[in-house]
Structure formats: C-alpha cells, structure tokens
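Small disclaimer: the values here were computed from a predicted structure and weren't measured. Order of listing sets the numbers, starting from 1, for every ligand and every atom in it.
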Amino acid sequence: MRHSVKQSAPKQPDFMQIRGSLTFAGDKSISHRALMLAALTDGECVVHNPARGQDLEATRRCLAACGIESAWEGNSIRITGGTLINPTSDLYCGNSGTTVRLLLGLLAGQAITARFTGDESLSRRPMDRVIAPLAGMGAKIESAQGHLPLTLHSRQLNGITNQSPVASAQVKSALLLAGLGAASTTTVIEDLPTRDHTEKMLSALGAPIEITESQIAVQKLKGNLPTFEMIVPGDPSTAAFFAVAAAGLPGSELIIRQVSLNPRRIGLYSVLERMGASVVYQQADQILGEPMGDIKIEATPLQGVTLTAKDIPGMIDELPILAVLATQVEGVTEIFDAGELRLKESDRIAALCQNLKKLGANVEERVDGLTIAGPTLLKGNSVRSFGDHRIAMAMKIAGLFATGTVSIDDSDCINISAPEFDDLLNQVLMNST
Ligand code: S3P
C-alpha cells in the first residue's frame with residue numbers, strides 16, 4: 001500500500017551545521033578481510049588505517065587463537081600469516097556477524113576444528129545461511145538450531161555451486177574463503193550484487209578466482225597468498241552518518257576524505273543524489289582493487305525517495321540513517337524489500353519505528369521496511385539503542401534535527417564499529433551562522 005500523507009514544512013529552528021572535512025578509520029568489511037587473507041600468507045603483512053572498534057578486535061582475537069598473531073603499531077596492524085591451527089579455546093566473536101560467518105568459511109576450508117560463540121545479539125542471528133551451503137561442501141557444523149554456539153569439525157571440503165536465497169556478502173565471502181581450501185571449484189551466483197571486497201582482494205593478490213557480472217568461481221589455493229601491505233580506505237558506512245547530517249542540516253558542507261568509493265558500498269550517496277543532494281566524488285587511488293577518494297556533500301532541499309530490492313544491498317547498513325533523514329525531507333520515503341534489516345544487530349525496522357515515533361516522526365512499520373512522511377520537526381525524547389551501534393549513531397544524528405534533547409539509553413555500543421564517532425562529530429559540528 002502506498003502512502004500519501006501530505007504535510008506542510010514545519011518552521012525550522014536554528015539547527016547546527018556540519019562544516020569542514022573528515023578522514024575516517026578504515027572500512028570495517030575490508031579490514032576483516034585484510035586480516036583473514038593475511039592469515040593465508042606465509043609471512044608478515046601490514047594493514048594501515050584498519051577499522052577501530054570491537055568488531056575488528058574480535059577477528060584479531062579469533063585469528064590469534066588459531067595461531068595467527070598480530071599487533072597494533074600506531075595506526076597499523078602488523079600480522080603474520082602461516083599455518084592455521086585448531087584453537088584450544090572458544091572463538092568468541094562478540095557482536096560481529098562478519099567475524100563468525102567469514103571465519104567459519106575460512107576455517108572450514110583449512111580443515112580446522114573450532115567452537116564459535118558470541119554475545120546475546122549475535123547468538124540471536126541466523127547462521128543457517130552459511131551452515132547449509134558449507135555443509136553442502138562437506139563441512140560438519142553443529143549448531144543450536146542454526147544459531148551460535150557453533151562447532152566446526154575438521155573435514156576436507158569439495159566445491160559447490162551456490163545461489164543464496166539472501167543477498168549477502170557474508171554468505172558469499174564465507175563460501176569463497178572456504179573454496180580456497182576445497183578440492184574442486186566453488187561457484188557463487190548472485191541475484192543482486194553485494195559488496196565485493198573478498199573477490200576483489202583475492203583477485204588483486206593473484207588467487208585462482210574468476211569474476212563475472214553475477215558469478216564468482218574460486219579454485220583451491222596452491223600454497224599461500226603473497227604477503228601484502230595495504231591502506232584501508234575510510235569506512236563509507238560510518239561516514240554516512242556525517243554525510244546525512246551534512247545533506248540535511250541547512251548551510252552544511254562536508255568533505256569526506258580518502259573514503260572507499262567501491263560502487264557496491266556507496267548506495268547511500270547515490271540515494272542522497274536522487275533525493276536532490278549535491279554529492280561530488282573525486283577518485284584518487286586504487287588499493288588491492290579498492291577505489292578510494294573524496295566525497296563532498298552540500299546541504300540542499302531534499303525530496304523523499306522510494307527504495308526497492310535493487311537499492312538495498314548497496315546501502316544495507318545505511319538504511320537506519322537514511323530513515324532519520326527521511327523524517328526531514330519533503331514528501332514520502334518508502335523502503336521496500338529490506339526484511340534483512342530485522343536480522344541485523346537488532347531488529348532495525350522495529351527499532352527505528354519505535355524510536356522515530358517517540359521523536360514525533362510520521363512512520364509506518366511494514367514487514368519488509370518503513371514508510372516515512374516528512375518533513376517533521378523532531379522533538380527530544382528518550383530513545384533506545386537496542387545495543388545496536390548503527391541505531392545509536394542514527395539517534396545521535398536524529399538529535400541534530402530535533403528541538404530539545406534526544407537521550408539514548410546506551411550509546412557505548414558505538415564502540416563496536418566507531419569509537420571515534422563523537423570526536424569526529426565535534427570536529428565538524430558548528431553553530432549556524
Ligand atoms: C558485511 C555484509 C553485510 C553488512 C555487514 C557487513 C560484510 O551483511 O550488513 O555489516 O562485511 O560482508 P550481509 O552481507 O549479511 O547483508
């Protein structure tokens with residue numbers, strides 16, 4: 001059912017502005033993959049500007065338990081690849097879905113025996129999407145009905161051809177990493193393109209991989225990957241919170257420097273353009289197949305937008321902040337085909353709906369998404385993060401569009417992905433002139 005609520009624009013108070021430029025810590029998805037691929041080399045790799053935050057530490061800790069040592073040196077991680085060993089303690093993945101799903105694939109391919117655990121949120125999230133295809137390759141994985149804790153038993157894998165019913169880079173990557181150790185070819189077919197860091201990095205490192213438009217095939221890796229040194233481009237998903245603030249707060253202008261410009265990660269920025277924002281890209285570099293450069297965003301009057309299946313994978317993690325922006329723009333924003341949001345660190349559809357309603361927004365919850373009619377002048381109130389870093393950051397930005405104070409019950413969870421969030425916001429938040 002389409003929504004047709006018409007509202008007149010509320011009188012805007014003097015909101016703050018975003019002005020200046022920011023450089024972000026490295027992209028979380030690329031950082032996880034850099035550490036996992038370094039584990040398959042036979043020497044020392046250096047990852048500059050990796051993600052800060054608890055999720056990447058979970059991957060580092062789990063790899064260390066499997067014999068892959070690493071250490072921070074300033075703003076870099078030095079990591080020594082070699083032979084993965086069976087861990088003698090549980091692999092605690094904390095809150096990180098990428099850690100458990102990708103590592104399950106990587107370790108399955110290396111015939112490792114390991115037990116995976118996680119926090120309460122991760123233990124609620126579905127793992128059958130990776131368990132089933134890995135089992136199809138011959139892996140033996142015991143689980144609590146498709147949930148953590150999982151026990152992986154050492155087995156030699158065979159290849160598989162898999163077309164996942166969910167558009168998921170985590171599922172794709174788990175299978176490709178497993179395929180590096182499988183006896184025959186592993187082929188992943190994608191209906192909708194998801195983030196392609198795993199295949200790009202493997203290809204850049206000379207692994208036996210073939211990439212076409214909707215299909216990736218990987219062969220068993222003979223020996224090790226070559227050692228590498230890389231700079232991780234800034235995280236476009238963390239930057240998205242700032243981009244939205246800049247796009248929506250009149251008078252704002254923000255330059256996001258050295259951020260990933262991977263076309264499969266910048267869906268939010270394209271949607272901002274569709275809404276009428278001024279977004280200018282300047283590509284500067286390419287590192288292990290990953291384009292990076294600057295994005296400049298200027299505030300302009302914005303319109304609502306309709307998002308459907310093809311839009312979702314390219315901005316899956318940015319939908320919470322897009323929903324906040326939708327409350328501020330003229331017209332109706334409809335987010336369809338985003339049921340995956342219910343399976344993230346929290347049920348993000350329910351969390352957004354509950355919080356935005358508390359702030360006075362005109363929001364309707366659907367099974368597969370949200371309908372938001374704007375613009376609404378938000379009013380301060382208490383909201384919940386549900387322990388979800390992206391909900392907490394989205395609510396911090398909602399506070400910039402509100403009169404009064406938006407108080408968040410628990411924003412420590414921001415440390416899961418972006419401990420630098422408040423410092424960065426303080427650098428660019430100004431009184432309007
Ligand atoms: C990620 C893929 C996405 C995303 C997650 C990180 C990755 O999950 O939501 O934050 O690094 O591959 P899905 O691929 O499961 O949608």
Under the side chain to side chain contact (heavy atoms under 4.5 Å, CB included) test, residues paired with N381 that sit two or more places apart: K358, L359

Test log, rule salt bridge (charged side-chain N to carboxylate O under 4.0 Å, His left out), inputs D317 and R195: CA-CA 11 Å; D317 294 336; R195 65 191 71 189; 3.4 Å; yes

K296: salt bridge (Lys or Arg N to Asp or Glu O under 4.0 Å) partners, not counting sequence neighbours: E253

Test log, rule side chain to side chain donor-acceptor pair (under 3.5 Å), inputs S417 and H389: CA-CA 7 Å; S417 62; H389 54 130; 2.7 Å; yes

Protein residues having a heavy atom less than 4.0 Å from any atom of ligand 1: S29, R33, T98, S168, A169, Q170, R195, I316, D317, K344

Trace of the side chain to side chain donor-acceptor pair (under 3.5 Å) decision for T41 with T227: CA-CA 5 Å; T41 69; T227 55; over 6 Å; no

Which residues share a side chain to side chain contact (heavy atoms under 4.5 Å, CB included) with D412, sequence neighbours left out: D410

